[in-house]
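Structure record follows, encoded as structure tokens.
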Amino acid sequence: QVQVVESGGGLVQPGGSLRLSCTIIMSQFPINHMAWYRQVPGKEREWVGGRRYGMTTDYIDSVKGRFTASRDNAEDTWYLQMNNLKSEDTAVYYCTDQYARFWGQGIQVTVSS
């Protein structure tokens, strides 16, 4: 059974940075591309950035220039670097494969002074 594990969330002040990590465990086939989503209570989960459904890497407008998705091939780990964080970035963040088949448990990111 494929497991997706996120880490790196937490509390940060506005303007600060966090880097989320995502690792795939027990995959029986290669997973080459990942996407990042987030969800706040009462709202639908939204795609934030990364690659999805065969498309190129992209981001929602509200995070462009601030968030960067990347991969460390040697470690088989994906990252979401988040800079200049804003209060509206507060959410539970998830990583998933590009076809949204395998999901992690999510990790809380709170931006507050």
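Quick note: numbers below take in every heavy atom, side chains included, and nothing from hydrogens, waters or symmetry partners.
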**Report entry** Test item: T90 side-chain N/O and V111 main-chain N/O as donor-acceptor pair under 3.5 Å
**Finding:** yes

Query - Residues L20, S7; criterion side chain to side chain contact (heavy atoms under 4.5 Å, CB included); working and verdict - result: CA-CA 6 Å; L20 304 182; S7 61; over 6 Å; no

**Report entry** Pair T110, Q108: side-chain N/O donor-acceptor within cut-off below 3.5 Å
**Finding:** yes

Query - Short N-O contact, D89 and R66, less than 4.0 angstrom - result: yes

Query raised in the report: Is there a donor-acceptor contact under 3.5 Å from the side chain of T57 to the main chain of G50?
Result: no

Report task. Using the side chain to side chain contact (heavy atoms under 4.5 Å, CB included) rule, take C22 and M34 through it: C-alpha gap first, then chi angles, then the decisive distance, then the call. Result -> CA-CA 9 Å; C22 176; M34 299 291 285; 3.5 Å; yes

Requested in this report: Search all heavy atoms of V4 against all heavy atoms of W103 and return the closest pair with its distance.
Outcome: CB-C, 3.7 Å

Query raised in the report: Is the closest side-chain donor-acceptor distance between R38 and Y93 under 3.5 Å?
Result: yes

Report task. Report yes or no: is the cationic atom of R45 (NZ for Lys, CZ for Arg) under 6.0 Å from the centre of the six-membered ring of Y37, at an angle within 45° of the ring normal? Result -> no

Requested in this report: Could you check D76 against R71 for salt bridge (charged side-chain N to carboxylate O under 4.0 Å, His left out), going step by step and ending with a plain yes or no?
Outcome: CA-CA 7 Å; D76 207 17; R71 178 185 182 182; 2.9 Å; yes

Query raised in the report: Does the side chain of S17 pick up a donor-acceptor pair with the side chain of N83 at under 3.5 Å?
Result: yes

Report task. Determine, step by step, whether I24 and W78 satisfy the side chain to side chain contact (heavy atoms under 4.5 Å, CB included) criterion, reporting the C-alpha distance in whole Å, the side-chain angles of both residues, the deciding distance to 0.1 Å, and the verdict. Result -> CA-CA 9 Å; I24 307 296; W78 286 262; 3.5 Å; yes

Query raised in the report: Is Q105 atom CD crowded by more than 12 heavy atoms from other residues, nucleotides or ligands, each under 6.0 Å away?
Result: yes

Report task. Tell me, with the steps shown, if Y99 and Y53 meet side chain to side chain contact (heavy atoms under 4.5 Å, CB included). Result -> CA-CA 5 Å; Y99 300 110; Y53 301 102; 3.6 Å; yes

Requested in this report: To the nearest 0.5 Å, tell me how far I31 CD1 sits from R101 CZ.
Outcome: 6.0 Å

Query raised in the report: Do Y59 and T68 touch side chain to side chain, with heavy atoms closer than 4.5 Å?
Result: yes

Requested in this report: Salt-bridge test for K64 and D61: reply yes if a basic N is under 4.0 Å from a carboxylate O, no otherwise.
Outcome: yes

Report task. Output the distance between atom CD (Q13) and atom OG (S87), rounded to the nearest 0.5 Å. Result -> 12.5 Å

